[in-house]
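Note sheet for the following structure.
As the structure is a computational prediction, the values presented were derived from the model and not from experiment. The figures that follow rest on heavy atoms only: side chains count, while hydrogens, waters and symmetry mates do not.
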Amino acid sequence: MTNSMLSASFYLRKDVEQLARALLGKHLHFRDMVVRIVETEAYRAPDDRACHAYGNKRTPRTETMFLPGGHAYIYLCYGIHHLFNIVTGPKDEAHAVLIRAVEPIKGLEKMRQKRNYPKKDQSLTNGPGKWTQALGLTTALDGQSLLTDELFLTKGETVSDSEILTSKRIGVDYAGECADRPWRFFLKDSDFVSKK
DNA sequence: CATTTGATGTTCT
DNA sequence: GAACATCAAATGC
């Protein structure tokens, strides 16, 4: 059954870097829409200064990251954009993978409508604030399980290592040496990877 | 084409 | 006040 929902054990793995890689090519289903993940970034408390939960800091916002793997962590960035992360690892280890870009697979017309009809379909979903708007994901869904009928992942297409490129994470220059960690992963052949 | 700026919630100083 | 896991529109070449 290649089309069945990914189970809790997938998200509970402890190595968030490997999980960020493994998420490429997976399909994300939200209501009647489907997208394919093409760009991810790993964030890991407590040692990663770029992570909101650096030092295992708990705030009303970061509390979601301490949930067991398999939940959505959605927060507001720059007061405007809703950014979507997948919580990974066991409970109380605040690891998460930011989904930075996706390719639309199903529900294109609905996405165009929510994004106010951009000229190119690429700009529907080629950025972390863009694709969440295209699907209508907001902080209202923060903390929701990814093992529900409304929101879940499936295996999608298998991706080989030769199709994956790596770089430093984007927009985390404030994080000192941690900013140099090669924890951004993306598919080299996708037209939907975010622009610098 | 490149660079700047306005939008603005949560968190920290 | 300032900074921040961003984006689109305005401005300057």
Side-chain angles (χ1 to χ4, degrees), chain A residues 11 16-21 23-24 28 35 37-67 69 71-89 93-104 111-144 146 164-187 190-196:
Chain A
Y11 303 103
V16 67
E17 291 176 62
Q18 286 308 311
L19 212 28
R21 278 181 174 273
L23 282 166
L24 294 173
L28 183 146
V35 297
I37 297 172
V38 299
E39 180 178 350
T40 63
E41 285 180 0
Y43 289 86
R44 184 182 73 191
D47 60 298
D48 176 13
R49 280 180 61 189
C51 179
H52 290 158
Y54 172 57
N56 285 335
K57 180 184 55 174
R58 288 176 183 262
T59 69
R61 182 176 67 162
T62 64
E63 199 59 37
T64 304
M65 291 185 77
F66 292 89
L67 292 173
H71 290 82
Y73 169 45
I74 306 177
Y75 71 95
L76 204 53
C77 179
Y78 296 103
I80 297 177
H81 304 288
H82 301 265
L83 267 54
F84 181 97
N85 302 249
I86 292 176
V87 178
T88 73
E93 290 195 22
H95 300 177
V97 177
L98 170 68
I99 309 300
R100 284 193 55 89
V102 303
E103 288 178 7
M111 296 183 204
R112 290 189 190 104
Q113 190 178 5
K114 287 179 189 290
R115 292 276 299 140
N116 199 23
Y117 300 99
K119 293 189 183 75
K120 297 179 181 177
D121 278 346
Q122 275 99 307
S123 38
L124 287 175
T125 58
N126 66 341
K130 296 181 189 179
W131 78 266
T132 55
Q133 186 184 37
L135 268 64
L137 292 166
T138 70
T139 53
L141 290 157
D142 180 45
Q144 172 149 342
L146 300 176
I164 298 176
L165 295 179
T166 303
S167 80
K168 302 197 313 194
R169 291 173 291 180
I170 294 186
V172 298
D173 292 343
Y174 61 90
E177 293 175 20
C178 296
D180 294 328
R181 293 180 178 179
W183 282 4
R184 170 173 176 251
F185 306 96
F186 55 101
L187 296 181
S190 175
D191 293 329
F192 289 82
V193 169
S194 70
K195 296 176 179 175
K196 193 72 179 245

Inset, instruction - In whole angstrom, give the distance that lies between atom NZ of Lys195(A) and atom C1' of dC1(B). - result: 13 Å

Legend entry - Passing option when Val102(A) is tested against Thr125(A), Leu28(A), Thr132(A) for side-chain contact (heavy atoms from CB on, under 4.5 Å): Thr125(A)

Inset, instruction - Give the nucleotide from the list dC7(C), dA8(C), dA7(B) with an atom nearest to the side chain of Arg115(A). - result: dA8(C)

Inset, instruction - Measure from the side-chain heavy atoms of Thr59(A) and tell me the nearest of dA7(B), dC7(C), dT11(B). - result: dT11(B)

Inset, instruction - Have a look at Lys57(A) and say if it touches a base, only the backbone sugar-phosphate, or nothing, with a 4.0 Å heavy-atom cut-off. - result: sugar-phosphate

Inset, instruction - Starting from Watson-Crick (N1-N3 plus N6-O4 or O6-N4) and G-U wobble pairs under 3.5 Å, report the runs of at least three that DNA chain C belongs to. - result: B:1-7 with C:6-12, B:9-12 with C:1-4

Legend entry - Under 4.0 angstrom between Lys130(A) side-chain N/O and dA8(C) OP1 or OP2: yes

Inset, instruction - Please state how far atom CG in Leu76(A) lies from atom C1' in dA3(C), giving the value in whole angstrom units. - result: 15 Å

Inset, instruction - Return the value, rounded to whole Å, for the distance between atom CD of Glu63(A) and atom P of dT11(B). - result: 11 Å

Inset, instruction - Remember a base hit wins even if backbone is also touched, and classify Arg184(A) as base, sugar-phosphate or nothing at under 4.0 Å, heavy atoms. - result: nothing

Legend entry - Interatomic distance where CG belongs to Asn126(A) and P belongs to dT6(C) [whole Å]: 13 Å

Legend entry - Donor-acceptor contact present, side-chain Trp131(A) to main-chain Val35(A), <3.5 Å: no

Legend entry - From Ile86(A), Val97(A), Val87(A), residue fulfilling side-chain contact (heavy atoms from CB on, under 4.5 Å) relative to Val16(A): Val97(A)

Inset, instruction - Please state how far atom CD in Gln133(A) lies from atom P in dA8(C), giving the value in whole angstrom units. - result: 7 Å

Inset, instruction - Could you check how far CD1 of Ile170(A) sits from P of dT6(C), rounded to whole Å? - result: 8 Å

Legend entry - From dT11(B), dT6(C), dC7(C), nucleotide with atom closest to Tyr78(A) side chain: dT6(C)

Inset, instruction - Report the distance from atom CG of Leu124(A) to atom C1' of dA8(C), rounded to the nearest whole Å. - result: 15 Å

Legend entry - Salt bridge present between Asp47(A) and Arg181(A) (N-O < 4.0 angstrom): yes

Legend entry - Nearest-0.5 Å distance that lies between atom CG in Asp48(A) and atom NE2 in His95(A): 9.5 Å

Legend entry - Whole angstrom value for the distance that separates P of dC7(C) from NE2 of His82(A): 13 Å

Inset, instruction - Under 4.0 Å between any heavy atoms, over every strand shown, what does Arg100(A) touch: base, sugar-phosphate, or nothing? Just pick one. - result: sugar-phosphate

Legend entry - Distance, P atom - from dC13(C) to dT5(B), rounded to whole angstrom: 12 Å

Legend entry - side-chain contact (heavy atoms from CB on, under 4.5 Å) partner of Arg184(A), the single match among Thr40(A), Leu165(A), Val193(A): Val193(A)

Inset, instruction - Apply side chain to side chain contact (heavy atoms under 4.5 Å, CB included) to the pair Leu124(A) and Arg112(A), showing each step before the final yes or no. - result: CA-CA 7 Å; Leu124(A) 287 175; Arg112(A) 290 189 190 104; 4.0 Å; yes

